[in-house]
Amino acid sequence: MRWRTFLRGSIRSRDWLAVSLSGVLLLIGGWLLALPFCPPVQRATIDRFHLVTPSFGWWAAQQAIPSMYNLENRYWIAPVPPADGKLQLTPAVDPTGYLNHYPVRVVTFADSRARWLVKDEAAESAAKEKTRFYCLQSTYQDSARCSWLEVRLVDGQLVLRRLEAGQ
């Protein structure tokens, strides 16, 4: 096998960079192969998309793993917060849209950011602050996460706050 020959040759010649890169590629391949069968890997991948990993290091370590098209990412935009602090979706409500990856980007980078920053004369006359509530949902098989964000436009700046149950 060429792979084994390459790895043996790299170890013999003490090419630790090649050995390290091969190890990283093997880890990424293992992660991707485990994704369909391992709920903890599914949850860790979903948490990465929702920016709720246990640490920045854990999030950063996952950035080498390809992210396109491996989850169903939907979002909803609402003008009012979820009722009674219940951060649940009503299944009958159609999603506002779908994203390939990183649902938080609907607020930060996607075309909706441009809508936030466009001057709205009627909104400016009514109030200096504009607020929307985003529900972001990622699903992979039986694993899912729903995150609510409160997004305000204050003096031309976007201010994001994650809503937790009971707030």
Between Leu99 and Tyr75, is any pair of side-chain heavy atoms under 4.5 Å apart?
yes
Measuring from Ile65:CD1 to Thr45:OG1, what's the distance to the nearest 0.5 Å?
6.0 Å
Any heavy-atom pair between the side chains of Ser147 and Leu51 that's under 4.5 Å?
no
Would Leu33 end up clustered with Leu25 when hydrophobic side chains under 4.5 Å apart are linked, directly or stepwise?
no
My understanding is that only residues two or more places apart in sequence, or in another chain, count here; which of them pass side-chain contact (heavy atoms from CB on, under 4.5 Å) with Leu27?
none
Roughly how far, to the nearest 0.5 Å, is OG of Ser138 from CD of Glu72?
9.0 Å
Within the 4.5 Å heavy-atom criterion, are Cys146 and Cys135 side-chain neighbours or not?
yes
Could you check whether any side-chain N or O of Gln137 sits under 3.5 Å from a backbone N or O of Asn73, counting only pairs where one atom can act as donor and the other as acceptor?
no
Apply side-chain contact (heavy atoms from CB on, under 4.5 Å) to Pro54 and list each qualifying residue two or more places apart in sequence or on a separate chain.
Trp58
Which residues satisfy the side-chain contact (heavy atoms from CB on, under 4.5 Å) test with Ala34, sequence neighbours excluded?
Cys38, Val41
Quick one: are Pro39 and Asp142 in side-chain contact, heavy atoms under 4.5 Å?
no
Let me see the working for Leu149 and Phe133 under side-chain contact (heavy atoms from CB on, under 4.5 Å), right down to the final yes or no.
CA-CA 6 Å; Leu149 298 176; Phe133 296 87; over 6 Å; no
Got a sec, which residues hit side-chain contact (heavy atoms from CB on, under 4.5 Å) with Phe56, two or more places apart in sequence or on another chain?
Trp59, Ala60
Between Ile46 and Leu71, does the side-chain contact (heavy atoms from CB on, under 4.5 Å) criterion hold? Intermediate values first, please.
CA-CA 8 Å; Ile46 290 172; Leu71 303 174; 3.9 Å; yes
pair Tyr134-Trp76: side-chain heavy atoms closer than 4.5 Å
no
Are Arg43 and Tyr140 packed together at the side-chain level, in the sense that at least one heavy-atom pair is separated by less than 4.5 angstrom?
no
Examine Val52 and Val104 and state if one hydrophobic cluster contains both, with Ile, Leu, Val, Met, Phe, Trp and Tyr joined whenever side-chain heavy atoms are less than 4.5 Å apart.
no
So Leu136 and Arg74, do their side chains get closer than 4.5 Å, heavy atoms only?
no
So salt bridge (Lys or Arg N to Asp or Glu O under 4.0 Å) across residues 47-67, not counting sequence neighbours, yields Asp47-Arg145
Partner set under salt bridge (charged side-chain N to carboxylate O under 4.0 Å, His left out) for Glu150, not counting sequence neighbours
Arg152, Arg161
